[in-house]
Participant: 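Below are the C-alpha cells for one structure; questions will follow.
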Amino acid sequence: MKKIPIHNAINDVNLWYGIADSHDTFPYMLCELCDDSISSMVANQTEQREIAITLQECAAENGQGDICVRVEDTGAGIKNLDVCMTYASSAGAETPLNRYGVTLKKILATFDPENAHWALFTRTQEEVSNGTYRRVHAPYRTSGMAADICDIQEDPWPGRFDGSGTYVSFPCSRALFNTSGKGYPGHDISFIALVQCIREELAVIYAPYLRAGFMIHIHIHTAEGKRRSYRVRALEPVWHSTQTPDQGSCILDLGAGPVRVRYHFGEIDNHPSTARYFRKSFSNAGVMVYENGRMIEHHIFSAIWGKDHPQHNGFLAVIELDVSDGGTNDALPPPVPTKDKLFYGDYRLAALYDWIRNHCPRPAIYKSSTQTKREVLLCERLAKRFREKYGPQATVLTQMPVYNFIEKSPPLIDIYLFTGSQLILFECKLHVSQEKDVFQLIMYHTGAIHDGLRPDKLVLLAERHSHGTVQLADYLNTCKDTNGENYHIELKRWKDYGL
C-alpha cells in the first residue's frame, strides 16, 4: 500500500486567532481564571484562600478607555509550566474546575488577540523560600517557549501577596469589558457600574465557596486616579418568609455513581442588593444548578416543565451537586467546556431533570393555599406523617396541580408522595368513597403523565369504600394507562394511617 505524507504542523498565528474563547461576557471569562485559582487552593489546601482582581481603567478622550486586568491568587503556584502552556493538555488539572486544559490559552487569546501583551508569574512555596519566581510572557507558541527565572531582589514580585501563588496580567478592550452589563437592567456602561455587575456575578457564581471562607477582592483604579476596593460576598436568595422551607439533601445515582444533592425549592422575594439575580422576573424563574461549588447554569425551566409563564416569576430551585464519598466526577452531569451551561442530551442531566420534576411536579405548588376544609386538614396531617417517615429525600405535597397547560383552576391532587424511589398519588374523601372518586384519581394519573411524571401507585383514601368503588378499582387494575402500563389502584382507610 502506497502512502503519502501529511504536513499538518500547527501555525501558531492561526491557532491563536482560532482558539479565542466563545464566552460572550467579560465576567464569565474572568471566572475561568478564578476557577484555576480556586482549583489550586482546594487541591493543595492552602491556608490563605484569596483571589485579588485588579481592574485599571486607562484614560481616553471619550471616557471609554481600555482596561488593564490583573488576577492574583494564593494557590500553590504552577508546578509544571510545560503542561500549563501545552494546548489541550489536562495533565495539570487538579480539580474538576480546570479539567479541560484549554482555558488559560483561550482566555489570553481572547483578551490579547495580538499575542503581545499578556504575562504570567508563578511561584511555589519552595520558590518563595528561595526568593525566586518564574515568568512567562507573550507571544504564545506551541514550541520554543521559555520561562524566565526571576530573583525578587532584582525583579520584585508584581503582586500583593507574600506567599505562593499565580499572577496573570493582560489587556482588555473597552468593548469586551462593556459586555459585563449584559443581562442587567439599564444601559449604564460607566466603569463603576460595570464593576458592580462583575461583583454581583462573582457573588452568585461562587456563593458556596464564599460561604466557606474563600475571599475575592476587586481593586479598581479609575481613569481619574481614584482607587477603591470591594470584597465580594456570597449572594443568596431571599426566600418568601410565609412559606414552609422545602430544602434538604440526599444521595442520588444519576446513572454513573453516587451524587450528593443539596436543594431548596420555593418562592422568593426580590433581593434588596441585586440588579439581576434573585429577582421575581421571567428571566430568573426556574432552576439554578451548582456543581462542585460553582454555578453552571440558571433559569432552567422549559427543559423541565415546558413553556415558561409569568405566573412562575417568583419560583426558584437551587440545586447544588457534589461528588459523594466513593464517587467520581463522572457521576455529575457534565458542563460544556465554557462552563456556562450543562451539556444537553447527557443521560445524567436527563436523570437529574426527572428527579427535579418528581420532586417538584409543578412550580405553582409553592404558591400559598387558602383552603381550610377538614378534608384538607386531614391531608396535611397525613402529609406530615409521610415527611417524618420518609425523611428529607422524600417530596410530600398537598393540593398539587396537574395538567400544566391549564392556567386557571387546574385539577389538584390531594397528596403527592415521592418517597425517593416511588411516586404515589392520593385522592382523599372524608367519609364514603364513590365510583366517581376512582375516575377522579384516574384523571390525576393521566394529568401527571401529561406533565412528564410516571406514577407508580394510586391510592383512594376514605373512611370506607362503597361496593361499586371496590368493583371499579378491581376492574381498572386490569386496564392500561396512557403509557401502556397497568393501573395500580389501592383502596385505603384513614384508620390505616392512624387517622
Participant: Report yes if some heavy atom in the side chain of T132 is under 4.5 Å from a heavy atom in the side chain of C150; otherwise report no.
Facilitator: no

Participant: As a test of understanding, state which of R387, E388, K389 forms a side chain to side chain contact (heavy atoms under 4.5 Å, CB included) with V396.
Facilitator: R387

Participant: Can you list everything that forms a side-chain hydrogen bond (donor to acceptor under 3.5 Å, both in side chains) with E114? Sequence neighbours excluded, please.
Facilitator: H117

Participant: Is the F418 to H359 ring centre distance short of 6.0 Å?
Facilitator: no

Participant: Please give me the minimum heavy-atom distance between A331 and V259, naming the atom from each residue.
Facilitator: O-CG2, 3.3 Å

Participant: Could you walk me through whether F315 and W305 pass ring-ring contact (aromatic ring centres under 6.0 Å, His included), step by step?
Facilitator: CA-CA 12 Å; F315 168 74; W305 295 286; 5.4 Å; yes

Participant: Tell me, do Y277 and M288 make a side-chain contact under 4.5 Å, heavy atoms counted?
Facilitator: yes

Participant: Pair K280, E267 - check salt bridge (charged side-chain N to carboxylate O under 4.0 Å, His left out), show working.
Facilitator: CA-CA 9 Å; K280 299 177 73 169; E267 186 176 2; 3.7 Å; yes

Participant: Apply salt bridge (Lys or Arg N to Asp or Glu O under 4.0 Å) to E201 and list each qualifying residue two or more places apart in sequence or on a separate chain.
Facilitator: R276

Participant: Working note: D354 + R454, criterion salt bridge (charged side-chain N to carboxylate O under 4.0 Å, His left out); need CA distance, chi angles, decisive distance, verdict.
Facilitator: CA-CA 10 Å; D354 285 343; R454 300 184 70 91; over 6 Å; no

Participant: Test of understanding: with salt bridge (Lys or Arg N to Asp or Glu O under 4.0 Å), list the residues that count as partners of K182, not counting sequence neighbours.
Facilitator: D24

Participant: Side chains of Y206 and D35: donor-acceptor distance under 3.5 Å anywhere?
Facilitator: yes

Participant: Would you say the rings of F26 and F111 are close, in the sense that their centroids are separated by under 6.0 Å?
Facilitator: yes

Participant: State yes or no: are the ring centers of W355 and Y263 separated by less than 6.0 Å?
Facilitator: yes

Participant: Any non-hydrogen side-chain atom of Q48 less than 4.5 Å from a side-chain atom of T46?
Facilitator: no

Participant: For R134, check side-chain hydrogen bond (donor to acceptor under 3.5 Å, both in side chains) against everything at least two apart and list the hits.
Facilitator: E127

Participant: Taking only residues two or more places apart in sequence or in another chain, which ones pass side-chain hydrogen bond (donor to acceptor under 3.5 Å, both in side chains) with S180?
Facilitator: none

Participant: Show me, pair by pair, the donor-acceptor contacts under 3.5 angstrom made by side chains of residues 136-143, not counting sequence neighbours?
Facilitator:
from, atom 1, to, atom 2, distance (Å)
Y140, OH, M85, O, 2.8
Y140, OH, Y87, N, 3.4
R141, NH2, G144, O, 3.2
T142, OG1, D12, OD1, 2.7

Participant: Hey, what's the ring geometry for W16 with W118, parallel, tilted or perpendicular (30° and 60° as the breaks)?
Facilitator: parallel

Participant: List the steps, then state whether side-chain hydrogen bond (donor to acceptor under 3.5 Å, both in side chains) holds for H217 with E50.
Facilitator: CA-CA 8 Å; H217 285 93; E50 186 172 351; 2.9 Å; yes

Participant: Does T25 form a side-chain hydrogen bond (donor to acceptor under 3.5 Å, both in side chains) with T179? I'd like the steps, not just the answer.
Facilitator: CA-CA 5 Å; T25 69; T179 63; 5.3 Å; no

Participant: Ion pair present between R174 and E57, side-chain N to carboxylate O less than 4.0 angstrom?
Facilitator: yes

Participant: Are T54 and H219 close enough that a side-chain donor and a side-chain acceptor fall under 3.5 Å?
Facilitator: no

Participant: Who are the side-chain contact (heavy atoms from CB on, under 4.5 Å) partners of C68, not counting sequence neighbours?
Facilitator: Q56, R70

Participant: Holding to side-chain contact (heavy atoms from CB on, under 4.5 Å), I want the full list of residues that pass it with R228, two or more places apart in sequence or in another chain.
Facilitator: I192, I220, Y230

Participant: Not counting sequence neighbours, which residues clear side-chain contact (heavy atoms from CB on, under 4.5 Å) with D188? List them please.
Facilitator: S190, A193

Participant: Does a side-chain N-to-carboxylate-O contact under 4.0 Å join R211 and E320?
Facilitator: yes

Participant: Taking side-chain hydrogen bond (donor to acceptor under 3.5 Å, both in side chains) as the test, write out the residues that go with E126, two or more places apart.
Facilitator: none

Participant: Applying salt bridge (Lys or Arg N to Asp or Glu O under 4.0 Å), name anything that partners R49, two or more places apart in sequence or on another chain.
Facilitator: none

Participant: Could you tell me if R123 sits above the aromatic ring of W157, with its cationic atom closer than 6.0 Å to the ring centre and no more than 45 degrees from the axis?
Facilitator: yes

Participant: If the condition is side-chain contact (heavy atoms from CB on, under 4.5 Å), which residues does C197 pass it with, not counting sequence neighbours?
Facilitator: Y184

Participant: Using side-chain heavy atoms (C-beta onward) and a distance below 4.5 Å, is Y133 in contact with D155?
Facilitator: yes

